[in-house]
*Asks:* 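Attaching a single structure in structure tokens format; questions to follow.
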2 protein chains.
Amino acid sequence: MENFFQILKTDDCSRARLGKIATSRGQAETPAFMPVGTQGTVKALIPEEVEETGASIILCNTYHLYLRPGADLIFKAGGLHRFMNWKKMILTDSGGFQINSLAHLSKLTEEGVIFRSHIDGSLHMLTPEKSMEVQEKLGSDIMMPLDICLPNPSPYKKYEQAFKQTTRWALRSKVFHEGKPGVLFGIVQGGIYHDLRRKSLEEIEELDFPGIAIGGLSVGEEKDLMYEILDGLLPLAPKDKPRYLMGVGAPSSIVKCVSLGVDLFDCVLPTRLGRNGTAYCQTGKINIDNARFREDFSPLDPNCDCYVCQNYTRAYLRHLFVSKEMLAGRLLSYHNLYFLGKLMSRIRQAIKEDRFIEFQKEFEETYQERSINS
Amino acid sequence: MENFFQILKTDDCSRARLGKIATSRGQAETPAFMPVGTQGTVKALIPEEVEETGASIILCNTYHLYLRPGADLIFKAGGLHRFMNWKKMILTDSGGFQINSLAHLSKLTEEGVIFRSHIDGSLHMLTPEKSMEVQEKLGSDIMMPLDICLPNPSPYKKYEQAFKQTTRWALRSKVFHEGKPGVLFGIVQGGIYHDLRRKSLEEIEELDFPGIAIGGLSVGEEKDLMYEILDGLLPLAPKDKPRYLMGVGAPSSIVKCVSLGVDLFDCVLPTRLGRNGTAYCQTGKINIDNARFREDFSPLDPNCDCYVCQNYTRAYLRHLFVSKEMLAGRLLSYHNLYFLGKLMSRIRQAIKEDRFIEFQKEFEETYQERSINS
């Protein structure tokens with residue numbers, strides 16, 4: 001595990017870091033964005049395409065795969081990598097977040113979470129041990145322990161109970177996973193309170209996980225509050241471990257959070273937006289169904305060198321989208337992931353060349369986190 | 001036009017022919033199967049993938065593209081090839097068939113067909129001249145004149161009126177298209193009556209088109225009757241022109257119809273079946289959602305060397321399909337087109353090597369045109 005994470009360079013003028021994650025399945029330079037392959041597929045794309053967009057790690061959802069097709073089936077298939085034909089790294093979440101957002105009738109106890117499947121209503125119990133067992137059967141490279149993530153804002157007392165239970169579950173997860181393949185992170189909770197975040201980090205640090213995940217952000221609070229929490233928290237985090245900000249991936253958030261010291265991101269946005277006809281462009285997002293693109297024979301993003309921008313016009317992509325053709329979602333998903341892959345690569349290059357602050361300034365002047373449709 | 005079609009070899013023991021179509025956009029060996037790209041996209045696939053499956057010609061639907069995005073827009077885009085990024089040949093139908101099957105309130109006159117769009121109810125009139133104009137704006141390589149296709153069975157008298165009007169429209173189309181780029185076929189109608197088919201062929205032959213399309217088959221009649229009609233008709237067709245059997249593409253029909261002298265096929269089946277979870281295999285079709293594939297870690301078709309069969313298991317494809325993942329339809333469509341592409345290539349090879357009859361016998365013993373799910 002000594003070599004799981006290495007810091008290659010630290011920015012002089014911000015907290016941005018250039019790092020490298022290495023596992024038996026290869027390496028990933030950080031800061032990195034991880035596309036989401038919820039059900040064992042990054043929607044509409046084949047693994048070769050996901051790799052082309054610059055991804056070295058994808059995130060898969062334990063909740064979904066546990067329910068369907070089931071961990072035992074994937075284990076028999078030779079693990080998730082082989083099942084879905086993705087050869088690079090896989091990070092799995094614990095399943096806790098989806099139980100909260102998707103499952104029915106979930107009930108929290110000290111032992112674990114009882115819930116009903118959103119697919120067939122069947123009753124299940126997920127414990128920290130069970131989550132680890134599932135992730136181990138999947139053959140995940142980077143695993144998350146079961147945690148409790150509250151919406152923001154929630155009462156102080158509830159955050160306190162939640163992060164303490166998160167720590168107790170982290171310990172149980174660590175004990176269960178001891179000696180088995182795959183890296184287990186610890187998750188910091190504590191909602192929107194600096195003191196709780198600090199205490200959560202201290203408790204998690206006592207268990208000495210090889211990586212720190214930050215949960216419970218981007219779940220209802222304003223972005224500025226998220227940045228403030230990270231600004232207070234990350235200077236206290238150990239420098240030699242990767243920090244993974246769970247579920248965050250809007251381009252402007254990525255750049256800002258990198259400046260605060262985050263190394264890993266994941267988000268369903270690029271593929272979900274793509275399927276809904278929205279594309280990232282250099283200056284902001286465009287909605288391809290807008291009438292003004294009807295006879296626009298220029299590429300989606302004139303500054304992009306991806307397959308989609310090299311071969312198709314906005315007019316064609318709009319036609320596909322309004323005609324409800326599957327190819328629209330496929331091509332826009334590809335472009336959006338490529339856009340983020342390129343953004344991460346530019347971020348890393350800027351850190352390497354000691355010009356991250358300039359890069360950030362230029363990016364913030366150029367890119368607007370809203371639909372521009374121009 | 002002299003070199004548009006060439007017969008390279010005729011089978012000694014059947015009417016199967018090996019031929020070559022050549023246009024400014026490249027060549028295609030026949031017998032050939034043409035995937036259907038209804039709305040300017042072979043559903044779920046990019047042109048590079050369609051080409052990988054062995055296709056040199058695709059079919060696009062004039063009715064759909066005329067209504068959306070419109071022929072003028074595609075013309076401004078530089079033509080359909082450029083619009084959709086397909087560099088090989090495109091065959092377009094006339095739009096007539098879709099008006100019958102999709103449009104509302106269609107009304108037939110000598111002048112043309114009046115109909116309401118199935119998209120927005122708007123009123124349109126398609127004449128032979130208008131259909132040619134649209135196909136010319138698309139930049140089609142092989143065009144079809146507006147014709148009248150009746151369902152089988154229909155009254156004798158109606159077939160007679162329909163093929164005669166088809167001939168009159170063919171003449172108007174020819175006159176309109178004279179001197180412009182793109183090859184125009186003539187269409188033989190006549191339903192299920194040998195004498196009408198023969199008369200239709202004679203009339204069309206008088207206009208001397210460079211290719212013969214056979215319409216009005218596979219529209220309600222038994223397959224054996226279709227074969228019987230072709231068996232009676234094709235010996236009368238000129239040997240030096242390609243024969244295109246419109247809308248037929250089931251593997252067993254292709255093999256049988258090649259033996260009767262057909263050179264070109266098109267059909268939406270391989271992609272539609274793929275999206276619906278059905279895959280062609282060496283011995284017949286399988287429905288991937290069948291429970292018996294749940295833990296089947298073998299490829300879709302063990303004898304197939306396509307990308308899908310080389311990289312994914314039935315268990316994974318079933319998981320994608322039951323999870324309603326877009327990738328399922330994409331991968332199955334690819335495999336099915338590849339299966340047909342390979343079938344055509346094996347057919348051509350068999351004709352080349354003077355063993356088409358043996359090939360046909362072996363194919364008919366091996367492949368069953370039904371779901372086998374084994």
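Chain identifiers are assigned alphabetically (A, B, ...) following the order of the sequence lines, protein sequences preceding nucleic acid strands; residue numbering begins at 1 within each chain. This structure is a prediction, so every number in the text was calculated from the model and none was measured.
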*Asks:* Which atoms form the tightest heavy-atom contact between A:Leu327 and B:Leu45, and what is the distance?
*Replies:*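 Closest approach of A:Leu327 to B:Leu45, heavy atoms only: CD2-O, 3.5 Å.
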*Asks:* Listed by chain and number, what are the side chain to side chain contact (heavy atoms under 4.5 Å, CB included) partners of A:Pro299, not counting sequence neighbours?
*Replies:*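 Here the qualifying residues are A:Cys309.
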*Asks:* Between B:His319 and A:Phe83, how do the two ring planes meet: parallel, tilted or perpendicular, split at 30° and 60°?
*Replies:*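 Tilted, since the angle between the ring planes falls between 30° and 60°.
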*Asks:* Would you mind checking which part of B:Ile46 comes under 4.5 Å of any heavy atom in chain A, side chain (CB onward), backbone (N, CA, C, O), both or neither?
*Replies:*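 Contact with chain A is through both the backbone and side chain of B:Ile46.
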*Asks:* Within a 6.0 Å radius of atom CZ on B:Arg272, are there more than 12 heavy atoms belonging to other residues, nucleotides or ligands?
*Replies:*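 No, CZ of B:Arg272 has 12 or fewer neighbouring heavy atoms, counting only those of other groups under 6.0 Å.
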*Asks:* What residues of residues 33-43 of chain A sit under 4.5 Å from chain B when only non-hydrogen atoms are counted?
*Replies:*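 Heavy-atom contacts from residues 33-43 of chain A to chain B are A:Gln39, A:Gly40, A:Thr41, A:Lys43.
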*Asks:* Sequence neighbours left out, what passes salt bridge (Lys or Arg N to Asp or Glu O under 4.0 Å) with A:Arg318? Give chain and number order.
*Replies:*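 Result, salt bridge (Lys or Arg N to Asp or Glu O under 4.0 Å) vs A:Arg318: none returned.
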*Asks:* Give the interface residues of residues 58-77 of chain B toward chain A, defined by a heavy-atom separation under 4.5 Å.
*Replies:*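 Within residues 58-77 of chain B, the residues under 4.5 Å from chain A are B:Leu65, B:Arg68, B:Pro69, B:Leu73, B:Lys76, B:Ala77.
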*Asks:* So which residue, A:Gly329, A:Ala44, A:Ala328, ends up with the most heavy-atom pairs under 4.5 Å with chain B?
*Replies:*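 Of the options given, most contacts go to A:Ala44.
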*Asks:* Quick check: closest heavy atoms across B:Tyr312 and A:Glu48, and the distance to 0.1 Å?
*Replies:*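 Smallest heavy-atom distance, with atoms named: OH-OE1, 4.2 Å.
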*Asks:* Can you tell me which portion of B:Tyr316 sits under 4.5 Å from chain A's heavy atoms? Options are side chain, backbone, both or neither.
*Replies:*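 Contact with chain A involves both backbone and side-chain atoms of B:Tyr316.
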